[in-house]
Each structure stands twice: as C-alpha cells, then as structure tokens.
Amino acid sequence: MKKIFKRTSLLLISALMSMAAAQAQKSPQDMDRFIDALMKKMTVEEKIGQLNLPVTGDITTGQAKSSDVAQKIEKGLVGGLFNLKGVDRILEVQKLAVEKSRLGIPLLFGMDVIHGYETIFPIPLGLSCTWDMAAIEKSARIAAIEASADGISWTFSPMVDISRDPRWGRVSEGSGEDPFLGGAIAQAMVYGYQGANLQDQLHRNDEIMACVKHFALYGAGEAGRDYNTVDMSRNRMFNEFMYPYEAAVEAGVGSVMASFNEIDGIPATGNKWLLSDLLRGQWGFEGFVVTDFTGISEMIEHGVGDLQTVSALALNAGVDMDMVSEGFVGTLMKSIKEGKVRMGTLNTACRRILEAKYKLGLFDNPYKYCDVSRPKRDIFTKEHRDAARKIASESFVLLKNAPFQLTREELTREQGDKGTRTDNTAQPLVPSSTRSLVNSSPILPLKKQGTVAVIGPLGNTRSNMPGTWSVAARLNDYPSLYEGLKEMMAGKVNITYAKGSNLIGDAAYEERATMFGRSLNRDNRTDQELLDEALKVAAGADVIVAALGESSEMSGESSSRTELGLPDVQHTLLEALLKTGKPVVLTLFTGRPLTLNWEQEHVPAILNVWFGGSEAAYAIGDVLFGDVNPSGKLTMTFPKNVGQIPLFYNHKNTGRPLAEGKWFEKFRSNYLDVDNEPLYPFGYGLSYTNFQYSDIALSTPTLGKDGSVTAVVTVTNTGKYDGAEVVQLYIRDLVGSITRPVRELKGFNKIFLRAGESKTVSFTITRDLLRFYDYDMNYVAEPGDFNIMIGGNSQTVKTAKLALK
C-alpha cells in the first residue's frame, strides 16, 4: 500500500506542476480577492506565523515530522525556512505545511545562493570585474535554474552594498566601490533570478525570488569592521551609496533584506524612514522586507529595548518577516493587546508574505519547485559548467605582465660560472632550459611545453576554489589548481607541485581563516622543511606558478582584516622562489584588494584570480596558457598600504589638492610617507595585447535642455593577440552648488577586437546622466562645464569639454 500511495502522490504533484505551468497570467485583482478570502480565515496567531522565518535545524529525509520545526509548521507558525538543501527534504517539509496545517499555506524555501548553486561562479567581486552584464545575468539565471531544481524558491542575493574599505571582508560579496556599475549589476542579477520581463517575472518553475541586501549602507561600516556603525549625511547616502538598491527595486526585486548597521542612530531593522518612507513611499517597492539573521533580537544589544520593544519597532518600521529571532511569534500578540502594534500593521505584513507566495505560484501549486526529476537534469550540467568556466576567465585581472629579465648579478654569475662549478652556492641560478626565456616578451601567456611547478598553499586545495558564501557547493568535486592544470596539460606540460608553506604562520589565525570545511590541512612540518621541498620542486621547473593569497574564508562575513598583505610565511616563500632565478607568475587568490607594493616591484607577472568558482582551475589554465586573453578590470581600488584606506577613485577634491604627479608638498593634502595614488586604480586591468584610444569627438560641445550629445572614440588593438577591452566613460562636473567628485563612472562598453582591428565606441550623454542630489536633496542637473573622459581605466583617459545649458 505504501508504494501505491507514494506513486499516487507523485502523480498528483506532477499534475499540479503541469497545471501551474499552463495557467494563464492572473491579474492583481485576482490576487487581492484570493488573499482577502484567505486572510478572513486566518487567526491572529496564523497571521503572525507567516512572518516567522526560523532556522531549519537538521532535517533529514524521512524524519521531517520529528524535527523541532515540524510542530510549528503544523500549527501555522512558520512562513518559510532557509538553507535546507535537497528537493526530497523540501518536498517532505512542504507537504507538512500543505497537508497538516489548518489552512495549508505553503512555505517559502530560501537559501544563500550568492554566486551559484552547485555550479559555482566567481565571487561577486570577481564577477563584477567582468564588466559583462550579459555574463552576470547568465550566472544568476543558471543559479536560479539549479536552485529551483532542488526546491529553492527564494535567494538572499544580490548583495549590492557599496564599499570603499577592503578591510571589510564582505567586499568579496559585493560589486565594488562604484554605484553606477553596482546598479547595473544589481539589475542584471535580479533579471537573472526572477526573469528579465517585468510583466512576467516568477511565473516559470526555474525562476526564483531575489532579495536585495543589505538595506542600507552596510558596506560603510566604521574601521572596516563587520556589523559596525555607519554614519553619513543624507546627501552622501544618495549620491554615493543608495543607487544600487533603487536599481534593484526598479528591476522588480521581490524582497529586501534590512542591514545590521544603524542609520541616523536607529538600527536599519527598526528604521521607519528607511523601510517605509524611502523604500515604499519614495521608491514604490511592493515586495516584502525580511530581517537579516537575528536582526530583530540584535537591536537589544544596540540598546533600543527588550525583545518585545524591538519586535514592535521592527514591524511598525516596515519589516515583514523575522529571520530567526522569533520576536514576532513570541511578542506580537502581547504588543497588539497592549496597543503597541495595530492589527492593520500586522495584516499588511502578513499580506505581503502571502502576495510573494502567490506571485511565485505556490498557491496554484505548492510543489512547483519540488519536481524530483529536475536535479539530475538541471544541476551541475556540462552546459552550466562550461558557462562558469568562460565567465571565470573573464573575471581574472592581469595586474602585471613584464618580460622575464635576469638581474645583473644573475647574468654575471651565468657568464662567469659557465656551469663548471660543482658546489651548490656557485651553480648558475638559471638552468639552460630557462635561459632561453631571457628576452623582451612578457612571461604570460605561458608556452605549452616544459615543466611548470605549482607552488603555494592555495595550489592544491579543492575546498577553497569556490570562494566564500558558496553554501550549496560540492566542495570536494571541484579540482584544485594543481589538479586542473595537470588534467588540462596532460601530454603537453609536466605539472609538478609543492605546498611550500602553510597559509599563515600563526596556527590559530589559520584555523579562524579556514572555517566551514575549508581547511588547507595544516602541514606539521617546519617552515624550513616546507620551503626546502618547494625549492627542490622549483629547481626542476621552467616556470613557477605561485598560488598564494587568502583562503576563501579570509574574506566574507565576519572576516575583517587590519593587515592586507600576503601572510608572513607566504611572503617568505615568494621571496625564495624569486631568488631561484626562474620566471614566477603570482596567481593571486583573494576576496578583497590586497597591498602588493613589494610584489608589484619584484614579481614579473601577477594574475588576480579572486576565487573563480567550481571551474576556476580550468579557467586559470585557459588564461595562463593563452587560450583566453584576460579582460577583467578592477572594480575596487588597490591601495599601497592600509593607511591610505578608504581610497577610491570617485573622491572629492580638497581646497588644497596635491598637484598631479607630485608626492609631497607641505600644506597640501598628502602623506609624509607615501603618495596619494593607488597601487592599481579602479577600472585597471592589463591584457596580452594593447589598446590605443583616439581623441574624443563630441557631436556638439553644448548640451541643451532636452537634447543629447554623442561622445565617440576609436579603439584600436595594436598588439598581437585578439582581446576584449572595457571602454569606460567618466564625467566630472567642474562647478556645482555642492562639491562634486573628481570623476564618476557614467558608462561602459565591453568590446572584442581582433589583432590590428579598430572599432568606434559611442556614448550618449543626456541631462539625466549629469544629475545629482543637491543640498536640498533635489535631483538636479545644473548648467555649467563638464569634463568628458573615456579610457581603459579611471586614470588613463582622453578628455573633452562639454557645456550644459
């Protein structure tokens, strides 16, 4: 009988899914009537229950009924669950809600699907460095397909917080320092998750609801410390930080997550101006607001009240769903009886949750996302992995690619020793196989011949390849860099390996930096023993690929750092590898900008690969060996040292600016010990080829009230390789009623050019593109003169003058 029942149940589920797929689009009036009727049947407790998003705990297939959360679900006291993985388990829990609770209201199932599900894409900071909106949207589309196939209907992504402080670990999860680019990426991600057609979002069973976070200003925490205080003027908020959130709302995002930090002295989770006046009143957001993990109960520590007080504060401010704190289910009934929360406020919040479920189609088919045949067909497919590999290769940023040159001392030893001495100290530093590399050609791309040694603690660690916030990743199913290169180069290049050093000298620090199953398996040998092994492996190689940097969990949530250089033992290893006289390529793994002054001066080639996801090893091989020409451009400034932070390209001038090209001048805005310039500016990234820009041609030097101006440049690939270039448009408002930044990104276009090819790139400049928030918070375009700048990064540009009438 059990087998017959199970088959009948699956057939019913299949029929419901087919019915939902075929249903015609329903009107808002249909939704209103349905929810009105449902809410009339709901008790106050059931309405409060819809606002409750508890953590799942450990729910194993076949044991959902005995889990801690099961009784709450059956009583109608749960609106959704998050981070429960596996369609079988989700189906079982959904059946509890639909078949065992009084009203059968389905649950939302959310997950931190941040940069892929099981097919993992580069960390978001890396994704942003592609400057390729189609690729970014595709990454979210694939993530939605895979997550929905495994029962997930809601993702806590995209994170669009602007940050100028790389000490903050969560820069890895954002899109960098620029609001214009951040807004474009926010929209691309929402379209990828929910669907690009605003009138038809969330109707398919492979589209999931997005959640823009963290609203707002989370990336501007003081001292780069996570969860820390944020304090800034409204003018700065709107001109420099708010646009990506608004762009996500314009793209139809279904939910918004409140941030942990305070704004104007009030925690965002209880800030009525932020969640109601601005988000709903000014921007017209129609979805629901969810807290971050324990966001309500954390307001107690902020010092604004006990659990009942802060729960009422949150609901009255505009929060609709309580993640984990259970402040709503625990205190709202009392607050309603005491008149601290109006019944109408509860009804509004409950309606927003029900509307989200309706828009997802869960009332028509509660099992819309529970097709048990989909995971095998739709998750971690070759098509998805191929896309991830291609996108990862686009995200890498070539920071340096100099010719391999021996030092004068090394050349003298080469010529004087003639290879005849037998003592170790007098042997030539460079074997004959490597001497042929002493020429004017850059080290990269590598030739597919000889022996390449992968050396470093990041060279053979599968679990670190996906990067932070990859909660659904199959950590041991992705090849390490060493494994991937060895597989790719079989029969062509001999790939060898040595760890060379631990991640960090301090074992306790390394343990903190390798949490969540991302251990590098600390080697108990001494530092010297590890180094000696590496030098022995290096001696037999023609080229060294130094796999160094951060572990995946050295960035991400609660992973702030005060020192941003390579860890101690890694730096020692790198110095020793360079002293071998072999060509060294620093393959840099990182989730944030690092301070790389020494490396920039001494290492001939540096390829920043961030954390490139499940296919990162293959993508790195594609770039190292020249099958792909790197095209990534930085979306965060790399400082020379931590003391320069915050350092960002779109800063304002001072009344005493330092003259361009100068280091120090007394009574000017500068430092005694370092110049003001970054190591690598925003928008920077090299290629294996070279691009030349013509002067800018404006269609007219004057922009009228309702017209537009076209700015045109011709870009020529003057090198030997085909390649892609990100053409960037910056604008400076030279005179304003308030001070304005020295430049602001206002357009970009990624183009592909064959060697020797030229293309014309044009940007349309309208009055809207020149608008900003003035002192009175009016969104204005003020008449006056502007610099129009176009180039390959924020510092290397051509300039033309434009007048706005």
Side-chain angles (χ1 to χ4, degrees), residues 58 83 85 112 114-123 125-126 169-170 172-173 226 380 392 454-486 497-531 533-534 537 545-561 563-574 587-592 594 609-617 620:
D58 185 19
N83 285 356
K85 188 173 190 286
D112 287 297
I114 306 302
H115 52 108
Y117 188 69
E118 288 189 5
T119 302
I120 307 295
F121 294 86
I123 58 171
L125 184 59
R170 295 195 83 168
S172 63
E173 198 184 333
D226 215 347
F380 203 51
V454 176
I455 298 176
L458 278 303
N460 195 23
T461 168
R462 292 182 177 186
S463 62
N464 278 260
M465 298 302 282
T468 189
W469 276 119
S470 48
V471 300
R474 299 156 58 160
L475 292 182
N476 293 313
D477 288 350
Y478 313 133
S480 68
L481 177 59
Y482 166 61
E483 292 170 331
L485 294 186
K486 193 170 184 179
Y497 166 75
K499 187 170 185 178
S501 76
N502 283 306
L503 178 72
I504 306 167
D506 182 344
Y509 186 178
E510 179 165 331
E511 186 175 358
R512 294 193 297 274
T514 55
M515 300 175 70
F516 308 128
R518 311 302 177 96
S519 173
L520 272 70
N521 300 314
R522 189 172 180 84
D523 199 306
N524 291 324
R525 288 176 290 174
T526 66
D527 292 344
Q528 189 60 50
E529 287 173 326
L530 287 167
L531 182 57
E533 179 187 60
V537 171
V545 171
L548 306 176
E550 297 186 311
S551 62
S552 68
E553 302 313 304
M554 284 179 78
S555 61
E557 186 168 357
S558 190
S559 293
S560 297
R561 293 179 63 190
E563 295 184 7
L564 300 181
L566 285 183
D568 47 7
V569 288
Q570 293 190 51
H571 184 79
T572 300
L573 171 62
L574 182 58
T587 306
L588 185 69
F589 291 84
T590 181
R592 53 157 61 85
L594 298 179
V609 299
W610 308 107
F611 289 94
S614 58
E615 312 310 305
I620 294 169

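Keep in mind it's a predicted model, so treat the numbers as computed, not measured. In this chain, numbering begins with 1 at the start of the sequence shown.
Within the structure, ring pair (Phe, Tyr, Trp, His ring centres under 6.0 Å) contacts touching residues 461-483 (residues at least two apart or in different chains) are Phe380-Tyr478, Tyr482-Tyr497.
Atom OG1 in Thr468 sits 8.0 Å away from atom CZ in Phe516 (nearest 0.5 Å). The CG atom of Leu475 lies 9.0 Å from the CG atom of Asn464; values are rounded to the nearest 0.5 Å. Here the straight-line distance linking atom CG of Leu566 with atom CG of Leu573 works out to 10.0 Å at 0.5 Å rounding. How far OG of Ser470 is from CD of Glu118: 11.5 Å, rounded to the nearest 0.5 Å. Taking CG from Leu531 and OG from Ser501, the interatomic distance works out to 8.5 Å, rounded to the nearest 0.5 Å. Distance check, rounded to the nearest 0.5 Å: CE of Met554 to OG1 of Thr590 gives 8.5 Å.
Minimum heavy-atom separation, Gly556 to Ser172: N-OG, 3.4 Å. Between Gly484 and Ala617, the shortest heavy-atom contact is CA-CB, 3.9 Å. The shortest heavy-atom contact between Ala534 and Ala498 is CA-CB, 3.7 Å. The two residues Gly549 and Pro567 come nearest to each other via the heavy atoms O-CD, 4.0 Å. Taking each heavy atom of Asn476 and Arg462 in turn, the nearest pair found is O-NH1, 2.7 Å. In terms of heavy atoms, Ser555 sits closest to Gly591 at OG-CA, 3.4 Å.
Of the possible donor and acceptor atoms, one in the side chain of Ser614 sits under 3.5 Å from a partner among the backbone N and O of Ile120. No donor-acceptor distance shorter than 3.5 angstrom exists from the side chain of Asp527 to the backbone of Val569, with no hydrogens or angles considered. No donor-acceptor pair closer than 3.5 Å links the side chain of His115 to the backbone N or O of Leu125. The backbone N or O of Thr526 lies less than 3.5 Å from a partner atom in the side chain of Glu529, making a donor-acceptor pair. Panel note: side chain Asp506, backbone Ala508; a donor-acceptor pair is recorded below 3.5 Å. Between the side chain of Thr461 and the main chain of Leu458, no donor-acceptor pair closer than 3.5 Å is present.
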Can Phe611 and Phe589 be said to form a side-chain contact (heavy atoms from CB on, under 4.5 Å), step by step? CA-CA 6 Å; Phe611 289 94; Phe589 291 84; 3.9 Å; yes

Using salt bridge (Lys or Arg N to Asp or Glu O under 4.0 Å), reason through Arg522 and Glu511 one step at a time and then give a plain yes or no. CA-CA 9 Å; Arg522 189 172 180 84; Glu511 186 175 358; over 6 Å; no

Going through the distances and angles, do Leu588 and Leu594 end up as a side-chain contact (heavy atoms from CB on, under 4.5 Å)? CA-CA 10 Å; Leu588 185 69; Leu594 298 179; 4.0 Å; yes

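Counting heavy atoms from C-beta outward, Asn83 and Asp112 have side chains that approach closer than 4.5 Å. Leu548 has its side chain within reach of Leu574: a pair of non-hydrogen atoms, C-beta onward, lies under 4.5 Å apart.
By the salt bridge (charged side-chain N to carboxylate O under 4.0 Å, His left out) test, Glu173 is found to be paired with Arg170, Lys213, residues two or more places apart in sequence or in another chain being considered. Residues satisfying the salt bridge (charged side-chain N to carboxylate O under 4.0 Å, His left out) criterion with Asp523, sequence neighbours excluded, are Arg525. In terms of the salt bridge (charged side-chain N to carboxylate O under 4.0 Å, His left out) criterion, residue partners of Glu553 (sequence neighbours excluded) are, by chain and number, Arg518. When the salt bridge (charged side-chain N to carboxylate O under 4.0 Å, His left out) test is applied to Arg592, the partners found at least two apart in sequence or on another chain are Glu550. For the side chain to side chain contact (heavy atoms under 4.5 Å, CB included) test, no residue two or more places apart in sequence or in another chain qualifies with Thr572.
A side-chain donor-acceptor contact under 3.5 Å links Asn460 and Ser480.
Here Glu533 does not pair with Lys499 in a salt bridge; the nearest charged N to carboxylate O distance is not below 4.0 Å.
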